[in-house]
Student: 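What follows is a structure written as structure tokens; I'll ask about it next.
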Amino acid sequence: MPLFHVECAQRKGAARRFAIRRRMPEPYDFRAVERAWQERWSKERLYAASSAPSRKYYLLEMLPYPSGDLHVGHAKNYTLGDAVARMMRMLGHDVLHPMGWDAFGLPAENAAIQRGIDPATWTKSNIANMKRQLGLIGTSYDWSREITTCDPEYYRWNQWIFLRLYESGLASKREAPVNWCPHDRTVLANEQVVDGRCWRCNNLVERRNLAQWFLRITAYADRLLADLEKLGGWPERTRAMQRNWIGRSEGVELSFGVAGTDARVAVFTTRADTLFGVTFVAIAPEHPVIPTLRGVISKKNAAAIDAFAESLRSKSELERTSLMEKTGLFTGTYAVHPLSQERIPIWVTNYVLAEYGTGAVMGVPAHDERDFDFAHKHGIPIAQVIVPHDAPSPLPPLREAFVEDGRLIASDDFTGMTSARARAAITQRLEALGTGRPSVQYRLRDWLISRQRYWGTPIPIVYCERCGEVPVPDDALPVLLPANVSITGEGAPLTLVPEFFQTTCPRCGGAARRETDTMDTFFESSWYYLRYLSPRDDRAPWNADEAERWMNVDQYIGGAEHATMHLLYARFFYKFFHDSGWVKGSDEPFERLFHQGFVLHESEKMSKSRGNVVGIDETAETYGVDAMRLFLLAVTPPEDTSDWTDDGITGRVRFLNRLWRLCQRESGARPSDGREEASNERALVRAVHVAAKSAREETLSRRFHYNVTIAKLDELLNAMSDVERADPQSPALAYAASMLPLLVAPFAPHVAEELWHRAGHDTSVHLEPYPEPDESLIALDEVTLVVQVNGKIRARIATRPGLSEQDALDLALGDANVLAHLDGAQPRKHFYVPGKLLNLVR
RNA sequence: GGGAUGGUGGUGGAAUCGGCAGACACAGCAGACUUAAAAUCUGCAGUCCGAAAGGACGUCCGGGUUCGAGUCCCGGCCAUCCCA
């Protein structure tokens, strides 16, 4: 039922209430209105997506981690998504707007350790609270499609996808030095190490050699890079970050012989032109050639190398490559230059990493900064082989590495060539000799998904003494995560649960042990957008027909912090699905991407430790949800960082109160037909259409600058006040009042619905079409002609629109100030922007 | 060092195509209403000169293109993010 008689704020006394009522209509009681409509919308399932969309629009917001409480920063993201969803619905699209929970992960486990709460219980109560809060801020999700990634019915399909990756050779277990966080006691993917520290707890990451599960995302490196070009609907910033992250470099892989052995040491370089400047070869202390070197070096050298390797064993990549001083040790043996056949000393160093590239680099001190430092420190010769094109003669001694391209010197028969030409020629020569070939190297590493954690998807593999590594068959899925596991923070929890890991081999029936690692939670967020399409399907992770109907995601909204991890993994998965024939059409999942900005408070990020969190519940109680939504949309363009201020939101509270009063006025006037006589009435009708046009264009252009639209709505209210003062019975006023609920519906859905029903409508305003802007009503009937003399404004003349060039000229030359600045002369030239501007050039 | 994005009043921002810089809002000031305050309503408001009319300057700095530049080009400075 419509809320026809909302009581005003109960706190105030009855006498006061009557006094207010006599003077003006009831004040806007946002608390009662907002609560009542939220209940009714949810009962009527207003926002369920169509089962047979004709103009589909898949709008997706990144699924949140259920951390407990939403603050106004989260609300900014969801308010934007909701405004877009509501606009698109009112513009006649079949909108799919689902929501779910990225429910596995560390914080639940940490809560278990610190407070003894079961991770499942903790997660579920957080989800319940956050779902309530999403309802509180008036969002229009289709909750019938809700997914929760820690439900067996969801993670079962994680395991299913893992098995398909396994069969394709894209998932495999191997021993490798990995990033180990000593605080969280787990390994981290490369993407989760930020400046050498754990992305969650900020502790320095160590290196350990462990057998771990990897996904071979590197097999897709070239396509992930090349297809960034297809993503025109993505911010350039994000594409650039992915380009950097994938880090393609073209060069040569070549090898040096090792004197006195048959061994060869391979190196990769993008600077083959500097090959004659090589004065040492640097290898990682873990390099596989070292055992071979033992045969030709002294016992003392061998022992020194072992000690050096031992000292670096647990040092992180960051420490070795950046924090520590560059150190090294001459092995006592020599490499043989592939072209000059010279003997080049082989050094073991801390700054070359075994798992990067080939684990060895050619040292060219004259043309590489790191090599220069290293050579300088260890008395290694520096041989300059590239000079600038304008190099003086004789050459001054090098004070620092010359890293740019130039012309070759002292390089055998390549001397005199430019760097670019020499790179090609030297590569060709190496290829002919069989000691090198063109090669492309990527910075991207394989994605490490093993976690020694409880609260994640169990990896569906068992280890059988007889059969070895055996995948769990599809019909035995899901491998359930056991309940009631004691979580102490010591070691991997599942290794302490024999009921879980003791099993039988699916192949031979013999005794076997389950994998006790769980998956990185980015696994489930790499494909969840497909699960929304058929969330209860128990035969497949998603229904192919539904995928064909709804994919791709038309608009994805989420934070820029996911530019490399989530967004790269999701692209990788989708390409795999596409290659497997499970999805059709484009092999990119997200057509358009929008990063909303942060909300700061007191110029700092909101955090519990700073004590500056602005919660949703308090804000809804104090100012109301519509005011909060309007503020978040109005304060900045959505992609910018905004600052939460109590002053700022009072402007939106005022807006709602004015809106309420202006639409609730008792006036006998019938709404006009938009053809008004008085100029302030025409201006008011115009303001209605300008606002409608702005909302429509901000949505369809995908710029989403609703801050501008809301400014137009402010102007509309100002225009209403103007007319009201002149003629409270104006039909134009009644017209504007009838349009406003429709205009504000996507932004302030509650007040819009209440006003709509009070105006006598029975159905929801949110199912109505958005007002169609009429250009003829937007056109001005009086325009200002700006007259410039030599580009400086000398007059503004009010005139009719559609003025001809000659009329404009006549008008301008009748203006005293214009004539004064022309100083008696006739303009030599003039430029006319019809109806706007005339520039006279003397 | 490389890449991306940005820099406009006291503040957030507007100007979407090269054509009136500062819409709209916050904060401020003045007035109306009120015993008073709050709320509300009305008005003022880039800087400088001027009584005013009007003029000069003005979108980080310096150049350039153009009849005309916040917008395009070149160089620099600063900020944020990503990669080294």
Side-chain angles (χ1 to χ4, degrees), chain A residues 20 23-24 27 191 194-195 234-247 249 318 321-322 368-370 400-401 403-404 443-444 559-561 563-565 595 597-598 600 603 630-637 639-655 657-658 661 687 690-691 693-694 697-698 700-719 721-722 724-725 783-798 816-817 820-821 827-842:
Chain A
I20 292 166
R23 260 209 331 251
M24 58 174 89
E191 288 82 349
V194 180
D195 292 336
W234 282 39
E236 175 50 36
R237 173 168 65 120
T238 304
R239 292 196 287 166
M241 272 189 220
Q242 292 211 351
R243 241 175 254 128
N244 269 338
W245 191 263
I246 296 166
S249 43
L318 178 79
T321 56
S322 311
D368 179 277
E369 282 165 23
R370 264 187 342 182
E400 54 180 7
V403 297
E404 272 142 74
R443 207 190 73 90
L444 184 71
E561 68 275 19
T564 46
M565 288 193 263
H595 293 308
F598 294 117
L600 305 178
S603 302
L630 285 168
F631 173 72
L632 291 168
L633 291 170
V635 66
T636 47
E639 66 273 27
D640 288 1
T641 303
S642 41
D643 214 335
W644 179 269
T645 63
D646 291 339
D647 278 345
I649 198 171
T650 58
R652 296 302 102 199
V653 171
R654 265 175 224 160
F655 171 88
N657 288 332
R658 290 181 73 197
R661 193 186 65 75
V690 166
K693 185 178 178 183
S694 170
E697 285 181 352
E698 289 302 340
L700 296 177
S701 69
R702 298 162 214 123
R703 198 176 77 139
F704 307 138
H705 284 199
Y706 295 128
N707 54 321
V708 177
T709 303
I710 290 169
K712 303 296 180 201
L713 289 167
D714 279 329
E715 290 180 56
L716 171 52
L717 291 196
N718 289 343
S721 293
D722 257 7
E724 187 189 36
R725 224 172 12 250
V783 296
T784 304
L785 178 70
V786 173
V787 184
Q788 300 180 326
V789 177
N790 287 346
K792 283 191 183 297
I793 296 165
R794 297 306 176 188
R796 294 189 174 90
I797 306 171
N817 199 42
H821 281 92
R828 222 165 20 88
K829 277 196 289 186
H830 64 267
F831 296 84
Y832 183 53
V833 183
K836 269 191 183 166
L837 179 138
L838 179 68
N839 188 10
L840 304 173
V841 183
R842 209 140 69 92

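The chains referred to below are lettered A, B, ... by the order of the sequence lines, with proteins before strands, and numbering in each begins at 1. Quantities reported herein were computed from a predicted structural model and do not represent experimental measurements.
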Student: Taking only the C1' atom of each, what is the distance from B/A23 to B/G13 in whole angstrom?
Tutor: 10 Å
Student: Side chain of A/Ala240 only, heavy atoms from C-beta on: which candidate in B/C24, B/C83, B/A4 is closest?
Tutor: B/A4
Student: If I take atom CG in residue A/Asn244 and atom P in nucleotide B/C82, what distance separates them, rounded to the nearest angstrom?
Tutor: 11 Å
Student: According to side-chain hydrogen bond (donor to acceptor under 3.5 Å, both in side chains), who are the partners of A/Arg725, at least two apart in sequence or on a separate chain?
Tutor: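 Listed in chain order: A/Asp722.
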Student: What residues, two or more places apart in sequence or in another chain, satisfy side chain to side chain contact (heavy atoms under 4.5 Å, CB included) together with A/Asn244?
Tutor: none
Student: Rounded to the nearest 0.5 Å, what separation is found between the CZ atom of A/Phe598 and the CG atom of A/Asp643?
Tutor: 13.5 Å
Student: Hey, could you give me the CG/OG1 distance between A/Leu632 and A/Thr636, rounded to the nearest 0.5 Å?
Tutor: 8.5 Å
Student: Using the test side-chain hydrogen bond (donor to acceptor under 3.5 Å, both in side chains), find all partners of A/Arg796 that sit at least two apart in sequence or belong to another chain.
Tutor: none
Student: Detail all sub-3.5 Å separations between protein N/O atoms and N/O atoms belonging to nucleotides 5-12 of chain B.
Tutor:
{"unit_1": "B/G12", "atom_1": "O2'", "unit_2": "A/Val635", "atom_2": "O", "d": "2.6"}

Student: Could you tell me how far B/G70 sits from B/G19 if I compare only their C1' atoms? Round to whole Å.
Tutor: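 Each nucleotide's C1' atom is 13 Å from the other's.
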Student: If only side-chain N and O atoms of A/Arg243 are considered, is one of them under 4.0 Å from the OP1 or OP2 phosphate oxygen of B/A4?
Tutor: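 It does not, given that no N or O in the side chain of A/Arg243 lies less than 4.0 Å from OP1 or OP2 of B/A4.
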Student: Counting any heavy atom closer than 4.0 Å, what does A/Arg652 reach on the DNA or RNA strands: base, sugar-phosphate only, or nothing?
Tutor: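 Answer is sugar-phosphate: A/Arg652 comes under 4.0 Å of backbone atoms only.
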Student: List in chain and number order the residues that pass side-chain hydrogen bond (donor to acceptor under 3.5 Å, both in side chains) with A/Thr645, two or more places apart in sequence or in another chain; answer none if no residue qualifies.
Tutor: none
Student: List the residues meeting ring pair (Phe, Tyr, Trp, His ring centres under 6.0 Å) with A/Phe704, not counting sequence neighbours, and say none if there are none.
Tutor: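 Partners of A/Phe704 by the ring pair (Phe, Tyr, Trp, His ring centres under 6.0 Å) criterion, ordered by chain and then number, come out as A/Phe594.
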Student: Quick one: look up who B/U80 pairs with, Watson-Crick or G-U, both distances under 3.5 Å, and put none if it's unpaired.
Tutor: B/A4
Student: For a quick test of reading the model: is some side-chain N or O of A/Arg794 closer than 4.0 Å to OP1 or OP2 of B/G55?
Tutor: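 Result: yes.
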Student: For A/Asp643, answer base if it contacts any base atom (sugar-phosphate contacts may also be present), sugar-phosphate if it contacts only those atoms, and nothing otherwise; contact means non-hydrogen atoms under 4.0 Å.
Tutor: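 No contact.
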Student: Between B/U40 and B/A52, how far apart are the C1' atoms? Round to whole Å, please.
Tutor: 35 Å
Student: Using atom P in both nucleotides, what's the gap between B/G22 and B/A4 to the nearest angstrom?
Tutor: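 It works out to 33 Å between them.
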Student: State which residues pass salt bridge (charged side-chain N to carboxylate O under 4.0 Å, His left out) with A/Arg237; sequence neighbours excluded, sorted by chain then number.
Tutor: none
Student: Applying the Watson-Crick and G-U wobble criteria at under 3.5 Å, what pairs with B/C17? Answer none if nothing qualifies.
Tutor: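 None - no nucleotide pairs with B/C17, as no candidate has both distances under 3.5 Å.
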Student: Give the B/S/- string for nucleotides 15-23 of chain B, one per nucleotide from 5' to 3', where a protein heavy atom under 4.0 Å of the base yields B, of only the sugar-phosphate yields S, and otherwise -.
Tutor: SB--BBS-B
Student: Using a heavy-atom cut-off of 4.0 Å across all strands, would you classify A/His821 as base, sugar-phosphate, or nothing?
Tutor: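 Contact class for A/His821: sugar-phosphate only.
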Student: Kindly give the atom pairs (protein nitrogen or oxygen, nucleotide nitrogen or oxygen) under 3.5 Å for nucleotides 42-44 of chain B.
Tutor:
{"unit_1": "B/U42", "atom_1": "OP1", "unit_2": "A/Arg725", "atom_2": "NH1", "d": "2.6"}

Student: According to ring pair (Phe, Tyr, Trp, His ring centres under 6.0 Å), who are the partners of A/Tyr706, at least two apart in sequence or on a separate chain?
Tutor: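 Checked A/Tyr706 against ring pair (Phe, Tyr, Trp, His ring centres under 6.0 Å); matches are A/Phe747.
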Student: Side chain of A/Asp640: nearest nucleotide among B/C57, B/G13, B/G55?
Tutor: B/G13
Student: Could you check B/C17 for me: syn (within 90° of 0) or anti?
Tutor: syn
Student: Salt bridge between A/Arg661 and A/Glu724, side-chain N to carboxylate O under 4.0 Å?
Tutor: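 So A/Arg661 pairs with A/Glu724 through a salt bridge.
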Student: Can you tell me, in whole Å, how much space there is between the C1' of B/G10 and that of B/G63?
Tutor: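 It comes out at 32 Å once rounded to the nearest Å.
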Student: Tabulate below the donor-acceptor pairs under 3.5 Å that side-chain atoms of residues 708-719 of chain A make, not counting sequence neighbours, or state none.
Tutor:
{"unit_1": "A/Thr709", "atom_1": "OG1", "unit_2": "A/Ser694", "atom_2": "OG", "d": "2.8"}
{"unit_1": "A/Asp714", "atom_1": "OD1", "unit_2": "A/Arg652", "atom_2": "NH1", "d": "3.3"}
{"unit_1": "A/Asp714", "atom_1": "OD2", "unit_2": "A/Arg652", "atom_2": "NH2", "d": "3.0"}
{"unit_1": "A/Asn718", "atom_1": "OD1", "unit_2": "A/Arg658", "atom_2": "NH1", "d": "2.9"}
{"unit_1": "A/Asn718", "atom_1": "OD1", "unit_2": "A/Arg658", "atom_2": "NH2", "d": "3.1"}

Student: In whole Å, what separates the P atom of B/C73 from that of B/G6?
Tutor: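 Those two atoms are separated by 12 Å.
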Student: If we take the P atom in both B/A39 and B/A45, what is their distance in whole Å?
Tutor: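 Their P atoms lie roughly 23 Å apart.
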Student: Pick the P atom in B/C60 and in B/G7, then give their distance to the nearest Å.
Tutor: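 Per the computed distance, 8 Å lies between those P atoms.
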Student: State which residues pass salt bridge (charged side-chain N to carboxylate O under 4.0 Å, His left out) with A/Arg243; sequence neighbours excluded, sorted by chain then number.
Tutor: A/Glu229, A/Glu236
Student: Nearest whole angstrom, please: distance from the P of B/G1 to the CD of A/Glu369.
Tutor: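 Distance check: A/Glu369 CD to B/G1 P gives 9 Å.
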Student: What's the shortest heavy-atom distance between A/Trp234 and A/Gln242, and which atoms?
Tutor: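 For A/Trp234 and A/Gln242, the tightest heavy-atom pair comes out as CZ3-NE2, 4.0 Å.
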Student: What is the distance from CD of A/Glu561 to P of B/A4, rounded to the nearest Å?
Tutor: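 Those two atoms, CD and P, are 22 Å apart.
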